[in-house]
Amino acid sequence: MPEKSSGVDTLRAQVERRSRAVAPPRHPRPAQSRSDRGPEEAGVTEGGESPVAGPPSPVAEEPRESRTGVKRKGDGPAVGKPTTDEHVDRPVTTTNDPVTNLAVRVRRPLDNRLGDVVHSFRNDGVRVSKVEIIEMLLWELPADASPDFRNRLAAFRRAAPREETL
Amino acid sequence: MWGYDPAAFRTAPLLDAIEAGTTRPPRPRIHRHQPDLVPSHPDLAASAIPDVVIADCLAAWAKEWDRPVVVDTHPGANALTDGAMQVADLVVVPVILAAREMDALAGMLADFSAYRILLAPNMVPASPPKRYVDRLEVLAGDTPVADPISEQRWMRRRVRRAALTLQPNPGRQVRHVAHEFRTLAAKVKEESCA
């Protein structure tokens, strides 16, 4: 029995769909403006802006407390703002992480908004992509379904329902 | 491109060398008016060679040869190309100023942002569409962009196998495009050594 299951496992591993992963280069670019660098460390900037790929700028008014369920003030359905402290609830990512295909079909106005944001950045000389914006938004997601996050979801469902109610 | 016909030979030098590992680099074929060449083989595409093996072999061979090595990779994502790119001091990416090609370039630059890349606009018409030039500028960001290689439709009909930069008694057209390729080569050398 164990041998039969291992053979099946082997077959499954052979047909399993794998995601493409780009290996790190052996001679990387000298001015790495991504991930580990803060705005003051990056050797390359665009028009005075901090590099887009770096950590988000500290713009939040107060720390996030989604694990303890403490509500945040006032922001309502706005996109979650990053905090200035140690990002305790953030997923830990590295440049070597494999990628998965998050195939999502969204309504056109939302995609248009995403495109507008990307173009707005680029008009300011900041190189950014849809993928990066979405990764950033995913990175900012609360770790669980806190009451505040539920309120945001309810507000979104009211403002932009996916189905018409009869 | 260089007139090498793998069907005319019993051995596949590149495959043999990869199977032998890093210890024995293949011997480049020397042909007049052409660069020294290690030819590929159709079976290479069918071989499931990991990218790391390709990278290790190329790194060891380049050291043995002790000269600049240009690896001409097949377009698209595959282990052979990935291996060559991993070990490269510089990845030269031809850029076509057209809609789908620019979309592909955007994806490629996002995937390979940690790599040392030189963008080389290729087959550029005399009046390239401004929107693609603008888009290239945005996509490139701080990635260096070489001077363009102009579109030369006569090259599609060219039969001679001599390299354009090595062709004896070149005519006006060949001199013009050879000058562009030499400018690109100088830029490649500059960026590789940077």
Side-chain angles (χ1 to χ4, degrees), chain A residues 13-14 17-37 39 42-54 93-102 114-136, chain B residues 48 50-60 62-63 68-69 71 76-93 102-119 131 134-145 191-194:
Chain A
Q14 284 179 339
R17 181 178 294 186
R18 294 178 185 84
S19 296
R20 169 162 169 73
V22 174
R26 299 189 186 187
H27 307 285
R29 290 175 68 155
Q32 290 291 339
S33 59
R34 283 182 164 267
S35 66
D36 299 330
R37 292 171 175 249
V44 178
T45 58
E46 298 175 15
E49 298 274 353
S50 59
V52 173
T93 61
T94 67
T95 56
N96 299 334
D97 286 331
V99 295
T100 57
N101 197 9
L102 191 70
L114 183 58
D116 291 343
V117 167
V118 169
H119 284 293
S120 175
F121 269 112
R122 289 181 178 175
N123 287 338
D124 291 340
V126 177
R127 181 180 158 195
V128 73
S129 67
K130 282 185 177 181
V131 170
E132 188 171 21
I133 298 285
I134 291 174
E135 277 205 334
M136 183 197 78
Chain B
D51 55 345
V52 174
V53 172
I54 298 291
D56 290 343
C57 285
L58 287 172
K63 203 171 173 182
V69 177
V71 181
N78 57 78
L80 303 173
T81 299
D82 287 348
M85 287 179 68
Q86 275 178 45
V87 77
D89 292 303
L90 184 71
V91 178
V92 182
V93 179
M102 301 292 284
D103 290 345
L105 177 66
M108 186 258 177
L109 288 174
D111 284 344
F112 292 91
S113 58
Y115 283 60
R116 301 184 65 165
I117 290 177
L118 171 67
L119 299 177
R131 64 181 181 278
D134 293 341
R135 191 174 178 200
L136 176 61
E137 185 178 17
V138 170
L139 285 177
D142 57 0
T143 302
V145 180
E191 291 295 329
S192 302
C193 300

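No hydrogens, no waters, no symmetry mates; every other heavy atom, side chains included, goes into these values. So that the names make sense, note that chain A is the first sequence line, chain B the second, and so on, each numbered from 1.
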If I take atom CZ from residue A:R26 and atom CG from residue B:D56, how far apart are they, to the nearest 0.5 angstrom?
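With rounding to 0.5 Å, CZ (A:R26) is 4.5 Å from CG (B:D56).
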CZ of A:R122 to CD of B:E137: how many Å apart, nearest 0.5 Å?
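One gets 12.5 Å once the value is rounded to the nearest 0.5 Å.
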Which region of B:A55, side chain (C-beta onward) or backbone (N, CA, C, O), has a non-hydrogen atom less than 4.5 Å from a non-hydrogen atom of chain A, or is it both or neither?
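For B:A55, heavy atoms of backbone and side chain both lie under 4.5 Å from chain A.
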Counting only non-hydrogen atoms closer than 4.5 Å, does B:D82 touch chain A with its backbone (N, CA, C, O), its side chain (CB onward), both, or neither?
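The side chain, not the backbone.
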Heavy-atom closest contact ([X] atom, [Y] atom, distance):
X: B:V87; Y: A:H27; value: O-CD2, 3.2 Å
X: A:R127; Y: B:T143; value: NH1-OG1, 3.9 Å
X: A:P24; Y: B:Y115; value: C-OH, 3.9 Å
X: A:V22; Y: B:D111; value: CG1-O, 3.7 Å
X: A:P25; Y: B:A114; value: CG-O, 3.4 Å

If you tally heavy-atom pairs under 4.5 Å against chain A, which of B:D51, B:L90, B:V138 wins?
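If we count pairs closer than 4.5 Å to chain A, B:V138 comes out on top.
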Under a 4.5 Å cut-off applied to non-hydrogen side-chain atoms, are B:R116 and A:P30 in contact?
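Yes. Closest side-chain heavy atoms under 4.5 Å.
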Pairing residues for B:V93 by the side chain to side chain contact (heavy atoms under 4.5 Å, CB included) criterion, not counting sequence neighbours:
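For B:V93, the residues satisfying side chain to side chain contact (heavy atoms under 4.5 Å, CB included) (neighbours in sequence not counted) are B:V91, B:L105, B:M108, B:I117, B:L119.
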